[in-house]
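So that the names make sense, note that chain A is the first sequence line, chain B the second, and so on, each numbered from 1.
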Amino acid sequence: MRLADVVSVSHAVARTSGRLEKTQHLADLLTRLPSDEIGIVVPFLSGSPRQGRIGIGGAMLSSMRDIPPADAPSLEIRDVDAAFDRLAAMSGAGSATSRSQVLRQLLGRATRDEQDFLVRLLFGELRQGALEGIVIDAIARASGIGAARIRRAVMLAGDPASVARTALVDGDAALSRFILEPFQPVQPMLADSATDVADAISTLGDAVIEYKLDGARIQVHKVDDEVKVYSRNLREVTAAVPEVVTVARGIPARAIVLDGEAIAMREDGTPHPFQITMRRFGRRLDVDRLRPDLPITPFFFDALYLDGEPLVDEPLARRMDLLTARVTASNVVPRVVTANPAEAAAFAAQALATGHEGVMVKALTGRYAAGRRGQTWLKVKQARTLDLVILAAEWSGRRKGTLSNLHLGARDSERGGFVMLGKTFKGLTDEMLAWQTKKFLALEIGRDAYTVFIRPEVVAEVAFNEIQASSQYPGGLALRFARVKRYRADKSAADADTFATIQEMYGQGSRL
DNA sequence: TCTGCCTGCCC
DNA sequence: ATTCTGC
DNA sequence: GCAGAATGGGCAGGCAGA
């Protein structure tokens with residue numbers, strides 16, 4: 001199949017807003033697609049190449065803007081896939097130059113529409129209003145198999161391409177080969193948010209409350225002495241966390257799959273900040289050098305498979321029993337089972353006092369809903385707010401032509417002026433975007449290519465989860481997960497929170 | 001060899 | 001990660 | 001309620017260029 005055929009379907013999908021119609025367009029394409037190209041095109045339509053990230057980012061892509069497009073389409077899907085293979089394989093001195101050349105060549109053979117498609121695909125912003133979720137529906141429609149069945153297979157397979165091939169070529173019965181088994185990582189279950197523990201308990205009933213650790217999600221697979229560790233996105237990270245391998249090897253089970261969190265702990269049993277955990281997690285070099293000073297500890301909270309039996313359809317209560325029967329308590333997330341809101345709230349307070357980011361509340365009857373934001377897991381995290389001054393805003397928000405991304409500053413009561421603590425666009429409705437675009441242009445004192453700087457007069461109440469060390473911002477501190485709660489028309493810049501306050505909050509947080 | 005930029009991937 | 005929006 | 005879009009900060013590692 002030609003790339004142009006895929007691009008034209010992508011356009012048709014982008015043009016319609018209806019999910020059913022998008023699905024139909026994609027299903028039609030899948031029906032026409034030669035079976036040996038399913039593995040290439042399904043990832044394209046889901047928003048990323050089969051090869052994943054291949055070392056091409058925004059800077060490289062913007063340097064390609066001058067390439068004249070071809071007049072007529074000529075690229076085959078296979079050509080593109082082959083070029084991506086070559087790009088992915090490049091490394092070492094001179095590789096950036098050759099990568100640029102190969103990409104340039106590819107884009108030079110593409111029409112304007114094809115160039116746009118390839119650039120969006122490589123940048124990771126397909127923006128056709130359909131990604132994996134809709135593609136799954138399309139696979140279901142094209143194969144005549146139920147969407148729930150396809151979805152489940154994708155969760156167990158970890159990716160939609162192999163499921164699409166099986167469904168379209170071999171049919172319904174063949175989907176039974178997608179089962180949970182060791183070394184075949186499954187998409188991890190995700191959680192919804194709740195505002196507080198009492199709220200979560202009242203939603204879920206009998207529940208387990210667990211510390212929510214601010215580390216990195218891990219899925220650990222073990223068969224006999226062989227162990228593999230996967231990240232939340234199913235990337236294999238075994239080499240980065242030998243401590244986890246050691247713990248897993250010590251578990252008295254022939255075969256087991258566990259879900260948990262890896263985190264750097266201090267000797268006193270309190271957690272390091274997330275930034276410190278990340279010095280170890282994701283590291284490939286010098287792991288042994290850092291190990292003594294910065295050990296990583298796994299804390300497990302679920303068991304998905306044990307000695308031949310998949311557990312994902314078992315209620316949480318049974319999975320917990322099996323987990324605690326095999327894993328030492330020091331490697332299980334601290335937890336309490338209760339339906340009593342007061343007891344749960346006390347446990348949550350204890351989690352925060354120990355330095356953790358909050359708690360998870362999970363229904364005891366819940367199945368393990370792989371890949372879904374299940375209604376049976378609720379996270380409760382502590383958020384605080386500050387009144388901060390808007391220093392500037394950047395163009396291009398949800399709708400073109402609005403000033404959306406806000407620069408947030410705290411008042412510097414000692415030296416005067418403001419200390420920037422980060423940016424956010426979150427929490428802004430369309431209505432607020434429209435209002436602030438007008439307002440900020442009236443306050444403009446200067447601009448560059450992307451940014452309008454304004455008189456520091458507008459105050460916003462900003463929620464955040466943590467203050468973290470920053471190498472980027474002038475005060476050496478930045479807000480984590482900042483979002484606007486509301487504008488404070490009743491406050492002026494002189495009423496805004498001071499940088500000294502933020503420094504104090506940071507000191508308290510990091511001493512815990 | 002050092003530094004800055006870019007990319008990928010955690011949250 | 002968080003949040004908003006359309007379906 | 002789901003799916004998608006839009007965008008945040010930081011760390012590690014690789015490469016290019018001074």
Side-chain angles (χ1 to χ4, degrees), chain A residues 14 16-23 46-47 52-63 90-100 122-137 151 190 192-193 212-218 231-235 237 240 261-263 273-287 290 357 372-375 379 381 383 394 396-399 402 404-408 421-433 462-473 477-485:
Chain A
T16 172
S17 59
R19 235 187 273 173
L20 292 174
E21 206 180 328
K22 287 178 189 286
T23 304
S46 310
R53 303 298 312 189
I54 54 177
I56 291 168
M60 172 93 74
L61 289 168
S62 24
S63 75
M90 290 173 172
S91 69
S95 63
T97 310
S98 3
R99 184 172 275 130
S100 163
L122 290 171
F123 192 56
E125 290 187 357
L126 195 53
R127 287 194 283 197
Q128 61 181 12
L131 290 169
E132 194 175 294
I134 309 258
V135 167
I136 284 171
D137 288 347
R151 190 174 302 275
L190 306 173
D192 264 338
S193 292
K212 186 174 192 315
L213 311 184
D214 192 10
R217 188 84 177 261
I218 48 170
S231 71
R232 173 184 158 141
N233 294 319
L234 311 189
R235 198 172 60 92
V237 295
E261 194 85 1
I263 186 170
F274 178 70
Q275 287 174 304
I276 304 294
T277 288
M278 286 310 292
R279 281 189 202 153
R280 281 289 316 273
F281 198 87
R283 174 180 289 272
R284 282 171 299 175
L285 311 174
D286 290 336
V287 171
L290 265 80
E357 67 170 341
R372 324 232 29 189
R373 219 164 264 289
Q375 321 85 314
K379 59 182 156 190
K381 294 167 76 164
E394 295 172 16
S396 151
R398 197 162 33 248
R399 283 201 301 253
T402 61
S404 76
N405 206 359
L406 308 175
H407 293 199
L408 308 169
L421 291 173
K423 306 179 195 177
T424 187
F425 62 93
K426 296 183 189 113
L428 300 167
T429 61
D430 286 356
E431 195 183 356
M432 290 162 86
L433 287 172
V462 175
F464 65 98
N465 285 44
E466 188 190 21
I467 295 162
Q468 57 189 353
S470 170
S471 53
Q472 183 184 346
Y473 288 106
L477 297 176
L479 301 183
R480 187 155 171 230
F481 308 138
R483 61 266 189 192
V484 174
K485 296 314 271 186

(message) Once you apply a heavy-atom cut-off of 4.0 Å, does A:Ala130 come out as touching a base, just sugar-phosphate, or nothing?
(response) sugar-phosphate
(request) Scan A:Thr97 against the nucleic acid and name what it touches under 4.0 Å (heavy atoms): base, sugar-phosphate only, or nothing. (result) sugar-phosphate
(message) For a quick check, with a 4.0 angstrom heavy-atom cut-off, what is the B/S/- contact string for nucleotides 2-11 of chain B, read 5' to 3'?
(response) ----SSSSBB
Which pairs would a plain distance check flag for residues 123-134 of chain A, meaning a side-chain donor or acceptor within less than 3.5 Å of a matching protein atom at least two apart in sequence or in another chain?
| from | atom 1 | to | atom 2 | distance (Å) |
| --- | --- | --- | --- | --- |
| A:Gln128 | OE1 | A:Ser10 | OG | 2.7 |
| A:Gln128 | NE2 | A:Leu45 | O | 2.9 |
| A:Gln128 | NE2 | A:Ala130 | O | 3.1 |

(request) With sequence neighbours left out, write down each residue that passes salt bridge (charged side-chain N to carboxylate O under 4.0 Å, His left out) with A:Arg19, or none if nothing qualifies. (result) none
(request) Please measure how far the P atom in B:dC11 lies from the corresponding atom in D:dT7, and state the result in whole Å. (result) 22 Å
(request) Keeping the roles fixed (side chain from A:Thr402, backbone from A:Ser404), state whether a donor-acceptor pair exists under 3.5 Å. (result) no
(request) Can you sort out the partners of A:Lys381 under salt bridge (charged side-chain N to carboxylate O under 4.0 Å, His left out), two or more places apart, ordered by chain and number? (result) A:Glu357
(message) Under 4.0 Å, counting only non-hydrogen atoms across every strand here, what does A:Arg99 touch: a base, just sugar-phosphate, or nothing?
(response) nothing
(message) Using the side chain to side chain contact (heavy atoms under 4.5 Å, CB included) criterion, which residues pair with A:Arg372? Sequence neighbours excluded.
(response) A:Arg151, A:Ala369
(request) Apply side chain to side chain contact (heavy atoms under 4.5 Å, CB included) to A:Arg235 and list each qualifying residue two or more places apart in sequence or on a separate chain. (result) A:Ser231, A:Val237
(message) I want to confirm an ordering. Mapping A:Gly18 and A:Gly427 to their closest nucleotides on DNA chain C, which one lands closer to the 5' end?
(response) A:Gly427
(request) Answer yes or no: does a side-chain N or O of A:Lys423 lie under 4.0 Å from OP1 or OP2 of D:dA6? (result) no
(request) Give each stem of DNA chain D as a range with a range, requiring at least 3 consecutive Watson-Crick or G-U wobble pairs whose two distances are under 3.5 Å. (result) B:1-11 with D:8-18, C:1-7 with D:1-7
(request) Please list, chain by chain and in numerical order, all residues satisfying side-chain hydrogen bond (donor to acceptor under 3.5 Å, both in side chains) with A:Lys423, sequence neighbours excluded. (result) A:Glu394
(request) Remember a base hit wins even if backbone is also touched, and classify A:Lys22 as base, sugar-phosphate or nothing at under 4.0 Å, heavy atoms. (result) nothing
(request) Check side chain to side chain contact (heavy atoms under 4.5 Å, CB included) between A:Thr97 and all other residues, then give those that pass, not counting sequence neighbours. (result) A:Gln101
